[in-house]
Every structure is written in C-alpha cells, then in structure tokens.
Amino acid sequence: MTRYAPSEIEPKWQKAWDADDVFLATRDPNKPKYYVLEMFPYPSGRLHVGHVRNYTMGDVIARYKASCGFSVLHPMGWDAFGMPAENAAMAGGGHPAKWTYDNIATMRAGMKTWGLSIDWSREFATCDPEYYGQQQSLFIDMLEKGLVYRKNAMVNWDPVDMTVLANEQVIDGCGWRSGAPVERRELTQWFFKISDYSDDLLAAIEGLDNWPDKVKTMQKNWIGKSRGLQFSFSVVDGPEGHDRVEVYTTRPDTLMGASFVGISADHPLARKLAAENPDIAAFCEECRKGGTTEEAIEKAEKLGLDTGLRVRHPFDNEWELPVYIANFILMDYGTGAVFGCPAHDQRDFDFASKYGLPITFTFEPEEGELNTGEAFAPAKTERVRWTKAYAWDEVSTGEEAVEAAIEFCESKGVGHGVTKFRLRDWGLSRQRYWGCPIPIVHCETCGVVPESKENLPVKLPQDVTLDVPGNPLDRHPTWRECSCPKCGAKATRETDTMDTFVDSSWYYARFTSPHAATPTDRAEADYWMNVDQYVGGIEHAILHLLYSRFFARAMNETGHLADSAREPFNALFTQGMVTHAIFQTKGADGRTEFHYPEAVDLRDGKGFLKADGREVQIVPSAKMSKSKNNVVDPVDIVAQYGADSARWFVLSDSPPERDVEWTAAGAEATHKHLSRVWRLAAEIDEAPETGAGDDDLLRITHKAMFEVSQGIESFGFNASIAKLYGFTNAIAKSKAGRDTRRFALKTLAQLMSPITPHLAEEMWAMLGGEGLIARASWPKPDEKYLVEDTVTLPIQINGKRRDEITVPKDMAKEEVEKLVLENEAVQRALDGGQPKKLIVVPGRIVNVVV
RNA sequence: GCCCGCGUGGUGGAAUGGUAGACACAGGGGACUUAAAAUCCCUAGGCAGGAAUGCCGUGCCGGUUCGAAUCCGGCCGCGGGUACCA
C-alpha cells in the first residue's frame, strides 16, 4: 500500500477483532469490570451524525477502559416500539414489525462499519417478544408489590377521528390528521406509583456525584418538593356535600391578601354546579378545550367564571370571597383548588385585573411600588393586615415566613402544614398497537386480573389494520378473547399497550443477561451493574432518567436487582445534540412539508428544491428529528473518507457536551490529517538510525500520554484531539533517531486507538507492534519526563499583560518580586516610583499595581 | 408561561478567577511543478503605525476583584424539557 486507504484497512481490522472476540464481555474474576452504555437508538431507519457522535464517545471510553485493564461491557440494542412505525404503516410503509426490523437491519449494517467495540451477542430489540414478555412479568411483579394501579386521567381527544392523540400529534391545538380542535377527555388508565418515591428520588440526587449539575437541578425542580398549608374554606350555602373547599397553598403568608378562590373545571364542586347550571357546564366544556400539555395550559388565555358561590375567609367570618372556576387550575396538582392573592402573585394579579377583583396587600408596599401593573414582590415584611387583625407581627421573608405562617395558622386551628411534590404518578397506558401489551385480563366475575406468568408473553397479533385511526387491538376480531387466569371463565384482554418509556427504563439491566428466562439473571446483574458510564442526549435529562431511576428501585423491590443498583447510573454524561437546519415549504393543503438536506441546493444562503426549484424556508440549528427530515446520513461520509475520519471529525471540534451544527466541510480535512499520520508510520524505515533531539521527542511523547489520557478521562475529547495534532506535528518536525521515532509513533497509534481504531491497528502493524493494539495496555507516562524545571510567568501591570519572565520553578516569592521590579517594562511603568501593590501568584502570574 | 442550558475572530472552538483566541477549518502569501493535484513553509481578532508599540475587544448594561470569557445582579437572543416524540 502506498497511501492511506480506509476502505481496505477498516473491514480488515473489523474482521480481525471479530475473529479474536475482542469485544465479548466476559466475567473475569481477575479484572475490575466497567459497564459503558450509550442510550440505545430508536430504529427510524436512518442513521445520522448524532448517532456517530454519541456512539463514538461511548466507544472511546469503552476502548480506553479495556486497554486500562477493565473487563468491559459495551452493548447495543434498539428502542423499537413507538409511534413512527404506526405512522409509517398508515402512510403505506407496511406492517410496523416489518418496518421496524427492516430498519434495524439497515442501521445495524451501517453502525457495524463504524468499528464500534460492541458486544453484539447481547443485542436485542424492545419489540422482541422475549424482551417485552419479561417486561410484562416485571409489570405483574410490580402490580403485586402495589406499585401499579388504575385511575382516571386526561388525554388529548380528537373529536372527529374519535381517537386519543399524543402531544406531538396536536398541532396548534388541533388534531394533526383531522385538523379539529382538540379536547381533553378522561380515561381510566394504568399508573406506576412513582410518587411513592418522590422523597427517595429527590434525596438520592445528592449522591449522584458524577452526574452533571444541570441534570440534577432539572430533576430536583421536576420532583418539586414544596412546603405549604392545606386548609379549607367554608362555603356559604354550598350545595349538599360541598360545604367546604379544600385548598393547598405554598404561600400561606399571603393568606390575608386572598381575594378569590379558584377551582378546576374538573373539581367535584364544579361538576356539581355544572350538572345544575348549563352556563357553568358550557364554561367547563370551554376549559377542557386544548391539549393536555403544561405548556398549552400555562400559555392559554386565563379564563374564569364566577360561580356565584361565596366562601368565608378562615380568619374572618364576615369576609367573603367569590369562587371562580378557572382554566389554569389542574385537578392533578394539590387539591384542584387555590386561593388567589393578586397583590403578591403575577398570575393572580392578571386574573384579578381581568375580572375586577380586589387587590389586597398583606405587606406594606414602599412608595412607588404600587400601580406598576405588576404584582408586588414582598420585599418589605411588615404584615399590615396580619398585624392589625391578630397582632401577629413576626418579621420574616421567604421560607421562614411560610413556616411562620403555617405555625400561626395551625395554632389558630386553620389547616395544617403539608409537604407536596410536583411529581405526578406515571401514566403508562397507551391506546396504540405498537407497544408492549399490558398483561391484564378483564373478567366479569373476578374483575381486573393479571395474566398468569405461564401465559407470557402476551404477544401482539400480526394481523392488524392501521388504515383507520384508533387502536387496532380494540377492533381486532379475536385477539381480546381469552380465559380468566383466576376462574377460567371467558374474559377479555386489556387492549392498551405500555408507554415506550417503560421499555427504556430497564434495558440497561437486561443487557447484563439478555436471554435470561426472568427479567434479570441475578448473578450476571450483580456482577455488571451499575452502569459505570452512561452517555446520552440532554433531551433525556428528566423523563427517561427519572423513570429509569424509579424502575431500578422497583426492580430492587421485586428482587431483580441488588440494593446497590437502586441508583443504576454511577456516572452520566450528556452530550450536546447535533443540530441541522430544517428546510420547509408550505404544501398545497397548507401543511408544512419538510425536505431532506440532500434534496436542497444551497445558493447565497438561500435554499431551493432540486426537484422543482421552489425556494425553501430555512430554519437554522434545530434538533435533528425524524419528523423534520433534517437528519444527515453518515453513510456518505464513511464511504468517502472512512469511519475513522468520521469518528475523529465528530469529536474534534466541539466540546462533547455542547450542541454542534453539522456542516459537510471539514470531514475532508480530517481525512488529510489521518493520511499524514499514516504516512509518518509507513515511512518509519526511512528515518536515520541516529538523529538529534531524541530527548525532546521523548519528553513530548510522555507529555502526550499524560495530556491525551487526561482529556479522555474528563470527556474532553476535543482537547485530546488538539493534543494529538500537536504531538503529530512534533513527530513530523523531529529529527530524532529511528528507535525514538518508532516509540513516539507507536505511542501516537495507541493514543489515537480509541478514536481511530482501524488506523491505529494498521500503524501498530506497520511499526512492528505485538498482537492487536485493541488488546495492548494503555501507555503510562514516566514521571521523570513530565517535570519542568523552569516556569514562565506573565507580568501584568494594572491587570494587563506587558511582559514575561522565566524563572526556576521553585524560586522564592521574594526573589521573583525582586526580578519583577528590575524588569524593564515595570521600571518604565513605575517611572521611578514604588508600586501600590505587588501580587505574585507562584507558578501562575505576577501583577504590578501602579 | 415555567424549569435547565448556551452566547468568544470569517468558521468550529481553547482558556472555569491569572498571558483571550490553543488546536483546526476556510483565507492570503511563498516553495516544489511545464502546469495542476498532492505535499511542505510562512501569515492571520479589530483599529492606528514603517516598526517598536498603543488603544479596543468574549451578546448588552451594571457590580465584586490587584486581576473577570469565567463570579454576582438585570436585560437581549438562541436551544432543550414541559409528563402521550423518542
């Protein structure tokens, strides 16, 4: 070979690794274990550069740890259930199962060209009956432990298609297919009792030392522990059974500023009133319009209706407050009823302004703080009304004030202090086909009964129709029919399937024993768990990670995981997303059409469709998404420049945690660099046997070992690559003798091997390395080459760099000061005077203040 | 709306309280070549200057500090999540 030819090198070494079973994860009692996992992909059928980035990062860690002497588990699988398969079927793409497995085949083939160090013998898809059957078994175990229950909850309802919609299927408040305004409708659904673990999940965040702070903060806020007062208002002449309204507030210190009580449209009192009053019923219907997302509810115009009912203030029987039904109050949170204090809450202020309600101050506002059109932030703490009415004048703010108010109210017999969480139970029922069937049987005599484990898996039927909206399992002619596992009578199956988040909440545990006849094989799980390094997108910071933490706890309590695995991910790294512009046009029917990048010509910052020349609208920098068609396929890049170039390139420029906008330019430059590296190794025998500067090259080589390792250990892959560039340039320039040069190049190959494994093997072979580099030990620097005896200190004058001095590393501070004062630039600045201040930070910097 | 991030040359970025712009891309200049490709060398934040050097400069405004891209407060812009996208 006379040039770098990745298309020849890469398949060759991939075969060599396979033949030697290099990546097979084995329980080796003589080695520490290391489990590295990247979030498994959804088999959309298209690989994109985001996948390359994600899996290369994990692969660098896996290969690095393996060469550091760990027994590594690095598996891969497919998060295979979900809506896109059904959408594809509806669009004529064939059966969801065929579509999914075809996609997996395509993606697996693409991924295998990347040279990832994956133990493919552990591969599974969540839509394999073997996997979801164990999930059903787990569900039944959880049901028996009381971790699963049924209750009513709201869903998005399309009144034209008569079907439940996912949030993604609600576009501007309307159904994506029918275009009809969406409503909220109540359904009986299955729930996981994740709220039982609120405190545990919150408290354990403190122990997640190797998780990013931002993820921990997001999870804390999501769980949302709050301290407040729960109490009730008595209703003046309320309807029977509704003589009191229970409310929860986190701001009991503002109770004396209450001006109305708001209840949810789904509150029992609202329902009672709606049953008797058509106007109220109509308003409640109005409140149920729109989707179920928090965003839709919070951003919707705040609407209220005076019910005509009045309640009495708990501290003043004469003081009556109106009861409003309001569309922004959720039945799911707190008690479904609140009191409004417009003086100290912006939302209540807006509401009160709109409906002409009084604004009553609890605190004494400062002059000028009134009439600003905003609620008054309680910076001042004199409790005017509290003081005047009850001589309660404790001065405090924030949490203290809340706690004091709770104590005061409790002492007066008004309610009691309560801790609540924002976290709601996890609704897992989905009215869809392509998911794991919920293993439940409905029997007329026995009621809701779990399927018996011998009958698992409850398999999805193959013969379904997806040409009309709605759940195909519901309309299947025979699938529902079964016998009751308890009494044997004729019964029907539950037709809801599970949320696909369930599938991804325990797959990490299944990888430890992917073919066990129980959810886990405890010996295997106990050896491999926990995941030592988890790598994935920041978009999963809350839901997936929180659900997985909950499932690990549930699996511990059902005996499938050890106590030590209740917190399943020791370290988490959230990589940034690879973003790409979206190219969109308006179709004839007014819908937005999304176009693939390869279908668009870019000229002068504008885009035109190759097919018909129409101009496209360019939305810059959006998350790559199947539905937006803005994914970049890495197949072309691998075909043109090789996998090693693609791997190097996706890690090289941006820090791993940051989003990166993909551009085609640059991949070629990487290829040029790798060619240069290859040539350096290929030409080793042309180097003279003895040369000059061997010591310098040795020093540089050992320094590179140190710096590149440090980069990998700290997820600074871009920094490691910058050091590798520097190291390569130094080798190229060096005139050192052949042996030193060979040592430097072999070290370079090793340091590059986690990133460009094929090229590294090729270099290793050319340089006479023994065996596979994939099995070689990571190079350790010799300390004696790392120490420097002098240090260069920048000299600042008034904080601006003006000069520098090089001094022995351990020079005394006084000596340095003396030298600095003798410095020409300092002399000039001092102009014969004395410095006001002289700051010497040993080893770092000198600052002279004049 | 709410929660969490991010913002530095023409471009990707480095520097996490201590020399702003490492390393690279694109650019400019040069060597080699009949020529091109490939390769190698030099150059490069902006403004002024022949140069030495000076001033300005990390989204905007203000603060803390001997010293701020970095810490604090307030804005602006962009991105992620918002419980049925995965």
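Bear in mind the structure is a predicted one, so any value in this text is a computation, not a measurement. Reminder, nothing fancy here: chain letters follow the sequence lines and each chain counts from 1.
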Next on the checklist: Can you list everything that forms a ring-ring contact (aromatic ring centres under 6.0 Å, His included) with A:W222? Sequence neighbours excluded, please.
Outcome noted: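 A:W222 satisfies ring-ring contact (aromatic ring centres under 6.0 Å, His included) with no other residue.
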Pairs of donor and acceptor atoms involving the side chains of residues 716-732 of chain A, under 3.5 Å and at least two apart or interchain, shall be tabulated with distances.
residue	atom	partner	partner atom	Å
A:S720	OG	A:V708	O	2.9
A:S720	OG	A:I712	N	3.3
A:Y725	OH	A:W648	NE1	3.4
A:T728	OG1	A:L724	O	2.7
A:N729	OD1	A:R676	NH1	3.0
A:N729	OD1	A:R676	NH2	3.1
A:N729	ND2	A:Y725	O	3.4

- prompt: Does OP1 or OP2 of B:rC23 have a side-chain N or O of A:N729 closer than 4.0 Å?
  reply: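 No, outside the criterion.
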Students often get this wrong, so: under 4.0 angstrom with heavy atoms, is [X] touching a base, only sugar-phosphate, or nothing?
| X | result |
| --- | --- |
| A:K800 | sugar-phosphate |
| A:G576 | nothing |
| A:A541 | nothing |
| A:L423 | base |
| A:H673 | nothing |
| A:K299 | base |
| A:R802 | sugar-phosphate |
| A:V846 | nothing |
| A:V155 | base |

Rounding to an integer number of Å, can you tell me how far [X] [atom1] sits from [N] [atom2]?
| X | N | atom1 | atom2 | value |
| --- | --- | --- | --- | --- |
| A:M107 | B:rA86 | CE | P | 15 Å |
| A:E168 | B:rC84 | CD | P | 13 Å |
| A:R422 | B:rG1 | CZ | P | 16 Å |
| A:D653 | B:rA22 | CG | P | 14 Å |
| A:E657 | B:rC4 | CD | P | 19 Å |
| A:E539 | B:rG79 | CD | P | 15 Å |
| A:I538 | B:rG5 | CD1 | P | 9 Å |
| A:D161 | B:rC84 | CG | C1' | 16 Å |

Given [options], identify the nucleotide with an atom nearest to the side chain of [X].
| X | options | result |
| --- | --- | --- |
| A:L543 | B:rA83, B:rU19, B:rC3 | B:rA83 |
| A:D79 | B:rC84, B:rA83, B:rA86 | B:rA86 |
| A:A669 | B:rA20, B:rC4, B:rC25 | B:rC25 |
| A:N718 | B:rG13, B:rC84, B:rU82 | B:rG13 |
| A:N156 | B:rA83, B:rC3, B:rC84 | B:rC84 |

### Task
Give, ordered by number, those residues of residues 496-505 of chain A having at least one heavy-atom distance below 4.0 Å to an atom of RNA chain B; if nothing qualifies, reply none.
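RNA chain B contact set from residues 496-505 of chain A: A:D499, A:T500, A:F501.
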Near-strand residues of residues 183-197 of chain A, defined as heavy-atom separation under 4.0 angstrom from RNA chain B: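 Listed by number, they are A:Q189.
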Base of B:rG1, side chain of A:E294 - is there a donor-acceptor contact under 3.5 Å?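 It does, because a donor-acceptor pair links the side chain of A:E294 to the base of B:rG1 below 3.5 Å.
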**Message:** Looking at the base of B:rC84, is there any donor atom on it, or on the side chain of A:Q431, that sits under 3.5 Å from an acceptor on the other one?
**Reply:**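 Present.
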ask   = Any chance the rings of A:Y508 and A:Y534 have centres within less than 6.0 Å?
value =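 Here the rings of A:Y534 and A:Y508 have centres that are no less than 6.0 Å from each other.
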message: Looking only at the aromatic ring of each residue, does the gap between the centers of A:F649 and A:H671 stay below 6.0 angstrom?
response: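 They do not qualify: ring centres at least 6.0 Å apart.
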query: Is it true that A:R432 and A:D496 make a salt bridge, defined as a side-chain N closer than 4.0 Å to a carboxylate O?
result: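 No, no charged N to carboxylate O under 4.0 Å.
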(Q) Between A:K193 and A:D425, does any side-chain N to carboxylate O distance fall below 4.0 Å? (A)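 So A:K193 does not pair with A:D425 through a salt bridge.
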Main-chain N/O of A:M331 paired with A:D266 side-chain donor or acceptor, under 3.5 Å
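Answer holds: no.
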Between the main-chain N or O of A:L821 and the side-chain N or O of A:Q827, is there a donor-acceptor pair closer than 3.5 Å?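 Checked: pair present.
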*asked:* Given A:Y131, which partner from the list A:W506, A:W78, A:F40 fulfils the ring-ring contact (aromatic ring centres under 6.0 Å, His included) test?
replied: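 So the option named by the test is A:W506.
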Notebook entry, point to check: So which of A:F191, A:Y547, A:F501 actually passes ring-ring contact (aromatic ring centres under 6.0 Å, His included) with A:W426?
Noted result: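 Exactly one option meets the ring-ring contact (aromatic ring centres under 6.0 Å, His included) with A:W426, and it is A:Y547.
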Please output the side-chain donor-acceptor pairs of residues 80-90 of chain A that fall under 3.5 Å, not counting sequence neighbours, one pair per line with the distance.
residue	atom	partner	partner atom	Å
A:E86	OE2	A:Y433	N	2.9
A:E86	OE2	A:W434	N	2.6

Output every pair passing salt bridge (Lys or Arg N to Asp or Glu O under 4.0 Å) with a member in residues 217-226 of chain A, not counting sequence neighbours, ordered by first then second residue.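 Non-adjacent pairs meeting salt bridge (Lys or Arg N to Asp or Glu O under 4.0 Å): A:D199-A:K225, A:E206-A:K220.
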### Task
Would you please name every residue forming a side chain to side chain contact (heavy atoms under 4.5 Å, CB included) with A:L303, sequence neighbours left out?
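In terms of side chain to side chain contact (heavy atoms under 4.5 Å, CB included), with neighbours along the sequence ignored, A:L303 is linked to A:F283, A:E286, A:E301, A:N327, A:K354, A:Y355.
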Syn if the chi torsion is within 90° of 0, anti otherwise; quick check, which is B:rG9?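 Because its glycosidic torsion lies within 90° of 0, B:rG9 adopts the syn conformation.
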Aromatic rings A:Y55 and A:H51: how do their planes relate, parallel, tilted or perpendicular, breaks at 30° and 60°?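 Parallel, since the angle between the ring planes stays under 30°.
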- Nearest-Å distance once atom P is located in both B:rG12 and B:rG7: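 Rounded to whole Å, the distance is 12 Å.
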Suppose you measure atom P in B:rC71 against the same atom in B:rC6; what distance do you get, rounded to whole Å?
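Looking at atom P only, B:rC71 and B:rC6 are 9 Å apart.
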- With sequence neighbours excluded, residues passing salt bridge (charged side-chain N to carboxylate O under 4.0 Å, His left out) with A:E683: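 Listed in chain order: nothing, the list is empty.
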Exercise. Can a donor-acceptor pair be found between the side chains of A:S226 and A:T250 at a distance below 3.5 Å?
Worked result: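 Distance-only check fails for A:S226 and A:T250.
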Under 3.5 Å, which protein N or O atoms sit close to an N or O of nucleotides 38-46 of chain B? Give each pair with its distance.
residue	atom	partner	partner atom	Å
B:rC40	OP1	A:R676	NE	2.9

Protein-proximity profile, nucleotides 63-71 of chain B, B/S/- by nucleotide at the 4.0 Å heavy-atom cutoff, equals ---BS----
Checklist entry - When the nearest nucleotide of RNA chain B is assigned to A:I542 and to A:G726 on a heavy-atom basis, which residue is associated with the more 5' position? => result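 Comparing both residues, the 5'-ward one is A:G726.
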Of A:V215 and A:P655, whose nearest nucleotide on RNA chain B comes first from the 5' end?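 Looking at RNA chain B, the more 5' nearest nucleotide goes with A:V215.
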Could you check whether any side-chain heavy atom of A:I297 comes within less than 4.5 Å of a side-chain heavy atom of A:T292, counting everything from C-beta outward?
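Heavy-atom side-chain distance check fails, nothing below 4.5 Å.
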Partner set under side chain to side chain donor-acceptor pair (under 3.5 Å) for A:Y132, not counting sequence neighbours
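Residues passing side chain to side chain donor-acceptor pair (under 3.5 Å) with A:Y132: none at all.
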Item checked: Secondary-structure stems, RNA chain B, at least 3 Watson-Crick or G-U base pairs under 3.5 Å ->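 Stem list for RNA chain B: B:1-7 with B:76-82, B:10-12 with B:23-25, B:27-31 with B:39-43, B:45-48 with B:53-56, B:59-63 with B:71-75.
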